[in-house]
Number of protein chains: 2
Amino acid sequence: MSERVTMRDVAAIAGVSSATVSKVINERPDVGAEVRARVLETIARLGYRPNAVARGLRARHTDTIAILTDDLEGIFTNALMRGVEDAASAYDVSVLLANSYGDPEKERRHLRRLLDRQVDGLIIMSGNRVRPRSGPALPLPGTPYVFLYEYGAAEPVPSILPDDRSGAELAARHLIGIGRRRIAFLNGPASWDATRERLDGFTATIREAGLPLEPGLVQHASSWSPEDGFALATAMLTGPEPPDAIFCGSDDLATGAMAAVLERGLTIPGDVAVIGFDDRSLAVHQRPPLSTVALPLHEMGKVAGGLLLAAIQGEPQRHEIIRVSCELRIRASTIGPDGA
Amino acid sequence: MSERVTMRDVAAIAGVSSATVSKVINERPDVGAEVRARVLETIARLGYRPNAVARGLRARHTDTIAILTDDLEGIFTNALMRGVEDAASAYDVSVLLANSYGDPEKERRHLRRLLDRQVDGLIIMSGNRVRPRSGPALPLPGTPYVFLYEYGAAEPVPSILPDDRSGAELAARHLIGIGRRRIAFLNGPASWDATRERLDGFTATIREAGLPLEPGLVQHASSWSPEDGFALATAMLTGPEPPDAIFCGSDDLATGAMAAVLERGLTIPGDVAVIGFDDRSLAVHQRPPLSTVALPLHEMGKVAGGLLLAAIQGEPQRHEIIRVSCELRIRASTIGPDGA
DNA sequence: CTGAAAGCGCTTACAG
DNA sequence: CTGAAAGCGCTTACAG
């Protein structure tokens, strides 16, 4: 437990004032070359490291942002957080983690603690489901924030979301491209925002291609589970004119749908091509491996981090919805050995 | 952007010194009742909040710990982090997140930044695979740390790990309990520590019960994937005396094993009971839902957080391996409608 | 180009 | 029980 070396020590040994040491550390131009060299040498020799807490107190910023999530276990939390952390790290900004479990009282407590710690900004994130929310549980006077995978109804701040609409277009266009004509959409629960966006994209693309769009071909599941995918796909396949492709609103739904196809003795993708949404890790392990539309979670996190950092630098914020493009991951469930 | 209210303001308005305000805030006993009341009232009225950065500078602790992980995307990271966050939150300690991607240079940079920020302690965590590591990339003078889901070869600090051995015993005992006699163990790759621990637990339990333990019944996969589970289970089932139960080293392996059982026209659990390890979310969605040994990730995170907080309070640390008990999750793949 | 002084907002002995 | 003083380790005008 040796005494920590401080800026005073460096100054004394280098024979300069601590103001000068500070200037060297902060790379101010107004320091003479040989003085700078001497200070740098002393810093290296003593192994001096500036105390960020003292700096934060004086400089009035802490180079710290926080992620406030209501769902640290959400299936998408990891990749979102990693994106934020990457963006912050690149600017030597640290990230604090706070989990509210969706409890407003917990959120309030976290927010207070975070503000007490003088965080420079906040990312308010849902790891689980995109929905509008009524802003943070506490007003954040002068502290910028952004919504990630979530959006504020009327907050004057940006929301970063996946581009669900164009993601659905990607899937539809891919299925059309491999020659499918009766393309079903096994969509997620109707109450979700993403569900509506994707329906728009899907419908527009199918229409444009002059393909059929019967009511039976577009269904809404009541959950995102494989069980629902199985049930709905079974119903579709037992109809008079079964689809030759099924686009599912999630990889879980697609997993169930594939089981339904195989159970009826049909082949994938020979008889029915199947494509999911999300690109969770299970997709690649399906038999056959599942084609899917990948949610750009990591990129969304980076965008959110970048935007927040810019706002901290003084960039004005406004209410806007930023949609990050999804990416198609083509695997054997749409282009397989037994495929087209 | 109104001026923030400071302790000076409170003191002036309440007509006391700031030392007294500080004592009230820190709940020191040596403040008169009416003075305390007056100060408290003033604090509430002004909405005063103490600046944690200033406090940290003076008090020489920041009530902040950090999680340094090499794998923020690891499949177990979420639950581990959540446990740490829960433990920290309960004591009003914040947690900083740093991801090294397993790159020692990145780890060094993060560590330096974290130390500069005067974190009170660190949790060094792997989100992915348990293995020994050579301690943090930088010496942490006076800053306590613990290993979570990872262990230091000779570091004088605790490591928190799952109790793999007793987890395997749980599984074996369960299968014996439901009347199985030829129990196979489709274990993970031999190079993993967990694999050896589980083999010990499994072997001991089977021996104790006087059940057969032929070489063919114990196999090591070369990865944890469903594909390997499928291949190995198929080999086991085509042998002269196929098993009536398969204990798998991961849920992914078990998924593959179940596919192999079903593909051969056998029933689960009627002909072959299958149980996994981990309790990932996919387990419950299998058909039939997969029984498994749950890794106590959340609890491990809490234990790690609690131990670190104790060390920060001055509790001496030493090299020790703390094993947290796994839990059996019984589902239809061992006790099903077509079961025993 | 360099440094003396003030001060960020607290807490900690210490005196009374 | 209360407060004056010092100081945590920096940075920021400002003077020279």
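Side-chain atoms are counted along with the backbone in the values below, which use heavy atoms only and exclude waters and symmetry mates. Predicted model, so just to flag it, every value in this text is computed and none were measured.
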Using atom CZ of A/Arg8 as one end and atom P of D/dG9 as the other, report the distance to the nearest whole Å.
9 Å

Using atom CG of B/Leu57 as one end and atom C1' of D/dT11 as the other, report the distance to the nearest whole Å.
13 Å

More than 12 heavy atoms of other groups within 6.0 Å of B/Arg8 CZ
no

Per-residue pairing states of DNA chain C in dot-bracket (Watson-Crick or G-U under 3.5 Å; . unpaired, | other strand) read |||.||||||||.|||

Residues that B/Asn51 engages under side chain to side chain donor-acceptor pair (under 3.5 Å), provided they are two or more places apart
none

Going by salt bridge (Lys or Arg N to Asp or Glu O under 4.0 Å), name the pairs with one or both residues in residues 299-312 of chain A, residues two or more places apart or in two chains.
none

Is the shortest distance from a Lys or Arg side-chain nitrogen in B/Glu155 or B/Arg318 to a carboxylate oxygen in the other one below 4.0 Å?
no

Phosphate oxygens OP1/OP2 of C/dC8: is one of them under 4.0 Å from a side-chain N or O of A/Arg60?
no

Can you sort out which residues in residues 44-54 of chain A have a heavy atom within less than 4.0 Å of DNA chain C? Ascending by number, please.
none

Residues 26-35 of chain A side chain polar contacts: donor-acceptor under 3.5 Å, at least two apart:
| residue | atom | partner | partner atom | Å |
| --- | --- | --- | --- | --- |
| A/Asn26 | OD1 | A/Arg55 | NH1 | 3.0 |
| A/Asn26 | ND2 | A/Ser22 | O | 2.9 |
| A/Asn26 | ND2 | A/Ser22 | OG | 3.4 |

How long is the line joining CZ of B/Arg117 and C1' of D/dG9, in whole Å?
16 Å

Residue whose closest nucleotide on DNA chain D lies nearer the 5' end, B/Gly15 versus A/Thr6:
B/Gly15

Who passes side-chain contact (heavy atoms from CB on, under 4.5 Å) against B/Ser17, sequence neighbours left out?
B/Ala19, B/Thr20

Return a table of donor-acceptor pairs under 3.5 angstrom between the side chains of residues 41-50 of chain A and protein atoms on other chains or two or more places apart.
| residue | atom | partner | partner atom | Å |
| --- | --- | --- | --- | --- |
| A/Glu41 | OE2 | A/Arg45 | NE | 3.0 |
| A/Thr42 | OG1 | A/Arg38 | O | 2.7 |
| A/Arg49 | NH1 | B/Asp116 | OD1 | 3.3 |
| A/Arg49 | NH1 | B/Asp116 | OD2 | 2.6 |

Report the distance from atom CZ of B/Arg58 to atom C1' of C/dC10, rounded to the nearest whole Å.
8 Å

Rounded to whole angstrom units, what separation is found between the CG atom of A/Asp116 and the C1' atom of C/dG9?
13 Å

Expected output is a numbered-order residue list: members of residues 20-38 of chain B with a heavy atom under 4.0 Å from any atom of DNA chain C. What is it?
B/Ser22, B/Asn26, B/Arg28

Candidates D/dT11, C/dG3, D/dA4 - which lies nearest the side chain of B/Ala19
D/dA4

Got a sec, which pairs hit salt bridge (Lys or Arg N to Asp or Glu O under 4.0 Å) with one end in residues 65-94 of chain B, sequence neighbours left out?
A/Glu73-B/Arg82, A/Arg82-B/Glu73, A/Arg113-B/Asp92, B/Asp70-B/Arg131

Take atom CE of A/Met7 and atom C1' of D/dT11, then tell me their distance rounded to the nearest Å.
8 Å

B/Arg108: side chain to side chain donor-acceptor pair (under 3.5 Å) partners, not counting sequence neighbours:
B/Glu105

Does anything in residues 73-128 of chain A pair up under ring pair (Phe, Tyr, Trp, His ring centres under 6.0 Å), and if so which pairs, sequence neighbours excluded?
A/Phe76-A/Tyr149

Separation of atom CG in B/Asp9 from atom P in C/dC10, rounded to whole Å:
9 Å

Length of the line joining B/Asp63:CG and C/dC10:C1', which is rounded to integer Å
14 Å

A/Tyr145: which residues meet the ring pair (Phe, Tyr, Trp, His ring centres under 6.0 Å) condition with it, sequence neighbours left out?
A/Phe147

